[in-house]
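As a basis for the values below, the full set of heavy atoms in this structure was taken, side chains included, without hydrogen atoms, waters or symmetry mates.
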Amino acid sequence: ESKSNHPIAKAITHGINISEYAKDVEEYFEIAGLGIECVYQDDIIVAGSFKLLEKNYIEAVEANKTGTLVYVSLNGTYLGYVLLNDELKESSYKFVEDFKKNNVETILLTGDKKEVASLIANELNIDEYHYELLPEDKVKILEEIKNNTKGKVSFVVDGMNDAASI
């Protein structure tokens, strides 16, 4: 995660001098909406969603946890996972509340699991939510919303994965 600008990577590497580790990364690939694959000191590391492990034929058991799970493997062997939980910023509440005051419908499009999306949507009083989305899924849903809406549509993003939707 030392070379990624994704919010999940930043959360994992927060407080660590990542430049020490990044210099030994020989190959690095970000797979949009799934995670990363890299070669670090001659070892192949895969870190990301359960789907990414499946895609790489890495055997693992999907954890039944609420939060953002980052599964990690080394040379094709599953090592474990990192569990992250979002803390909503105070400004998020006001942001959504201001939309509500102006009769604006709010929709959450997220790559998070259903349980996390539901918690966030309920906490912020968001009207509708879609979960476990890849970037291309967000684009499709956003296009549907735009095509079925007479007024204007705004899209707020939190990471590079959402660039395609803009």
Side-chain angles (χ1 to χ4, degrees), residues 1 3-15 29-37 45-56 58-73 78-166:
E1 300 289 1
K3 293 194 174 217
S4 177
N5 287 319
H6 193 280
I8 292 172
K10 294 295 181 195
I12 291 172
T13 59
H14 180 74
F29 306 98
E30 282 194 38
I31 300 92
L34 295 176
I36 63 105
E37 297 173 5
I45 298 173
V46 175
S49 68
F50 189 75
K51 289 178 187 174
L52 183 60
L53 265 61
E54 287 180 320
K55 181 180 173 218
N56 283 280
I58 298 166
E59 287 188 36
V61 175
E62 191 166 12
N64 187 18
K65 302 283 184 184
T66 300
T68 300
L69 290 157
V70 179
Y71 295 87
V72 182
S73 74
Y78 173 66
L79 297 178
Y81 61 83
V82 176
L83 176 63
L84 302 168
N85 284 301
D86 290 321
E87 280 187 29
L88 293 173
K89 294 179 183 173
E90 279 300 314
S91 58
S92 300
Y93 296 93
K94 174 129 177 51
F95 187 75
V96 174
E97 185 180 307
D98 287 346
F99 278 123
K100 295 289 188 181
K101 286 180 184 173
N102 289 293
N103 296 318
V104 175
E105 182 181 11
T106 53
I107 303 170
L108 173 66
L109 306 178
T110 181
D112 285 329
K113 288 187 166 200
K114 181 179 182 178
E115 297 80 12
V116 175
S118 176
L119 284 171
I120 292 170
N122 288 329
E123 181 74 20
L124 292 176
N125 195 25
I126 291 176
D127 299 309
E128 180 182 329
Y129 62 93
H130 302 264
Y131 51 89
E132 294 183 23
L133 302 175
L134 294 173
E136 56 267 25
D137 300 326
K138 292 178 186 179
V139 171
K140 286 179 192 170
I141 293 172
L142 188 57
E143 284 298 323
E144 288 173 18
I145 292 168
K146 285 171 54 179
N147 291 335
N148 295 318
T149 301
K150 292 182 182 180
K152 295 180 181 178
V153 174
S154 296
F155 188 65
V156 180
V157 303
D158 71 350
M160 292 301 294
N161 281 349
D162 297 320
S165 299
I166 297 172

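- Listed here is the closest heavy atom pair of Ala60 and Leu53: CB-CD2, 3.8 Å.
- Remark: Tyr93 OH to Glu123 CD distance equals 3.5 Å, nearest 0.5 Å.
- Checking each of Thr68, Thr66, Val70, Leu69 against Leu83 for a side-chain contact (heavy atoms from CB on, under 4.5 Å) leaves exactly one that passes, namely Leu69.
- Taking NZ from Lys140 and NE2 from His130, the interatomic distance works out to 14.0 Å, rounded to the nearest 0.5 Å.
- Counting all heavy atoms, side chain and backbone alike, Ala117 lies closest to Leu108 at O-CD2, 3.9 Å.
- Between Leu52 and Val46, some side-chain heavy-atom pair lies under the 4.5 Å cut-off.
- Heavy-atom neighbours of Asn64 CG from other residues, nucleotides or ligands within 6.0 Å: at or below the threshold of 12.
- Using the six-membered ring where Trp is involved, Tyr131 and Tyr129 have ring planes that are tilted, between 30° and 60° apart.
- Here CD1 of Ile120 is found 5.5 Å from CG of Leu88. Values are rounded to the nearest 0.5 Å.
- The structure places CG of Leu134 at 7.5 Å from OG of Ser49, a figure rounded to the nearest 0.5 Å.
- A donor-acceptor contact shorter than 3.5 Å links the side chain of Thr149 to the backbone of Ile145.
- By the 4.5 Å heavy-atom criterion applied to side chains, Lys65 and Tyr81 are counted as neighbours.
- The closest side-chain heavy-atom distance from Ile31 to Ile36 is not below 4.5 Å.
- Atom CD in Glu132 sits 12.0 Å away from atom CZ in Phe50 (nearest 0.5 Å).
- Summarising the geometry of Thr106 relative to Asn125, their closest heavy-atom pair is OG1-O, 4.1 Å, with the distance given to 0.1 Å.
- Rounding to the nearest 0.5 angstrom, the gap separating the OG atom in Ser73 from the CD atom in Glu37 is 8.5 Å.
- Of the charged side-chain nitrogens involved, none lies within less than 4.0 Å of a carboxylate oxygen, so that Lys94 and Glu97 do not count as a salt-bridged pair.
- In terms of heavy-atom proximity, Pro135 sits nearest to Gly33 at CD-CA, 3.7 Å.
- Tyr71 places a side-chain N or O within 3.5 Å of a backbone atom of Ala63 that can act as its donor or acceptor partner.
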Point to revise | Evaluation steps, salt bridge (charged side-chain N to carboxylate O under 4.0 Å, His left out), between Glu62 and Lys113 | key: CA-CA 12 Å; Glu62 191 166 12; Lys113 288 187 166 200; 3.3 Å; yes
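- Other residues, nucleotides and ligands place more than 12 heavy atoms under 6.0 Å from the NZ atom of Lys100.
- Counting heavy atoms from C-beta outward, Thr110 and Leu133 have side chains that stay 4.5 Å or more apart.
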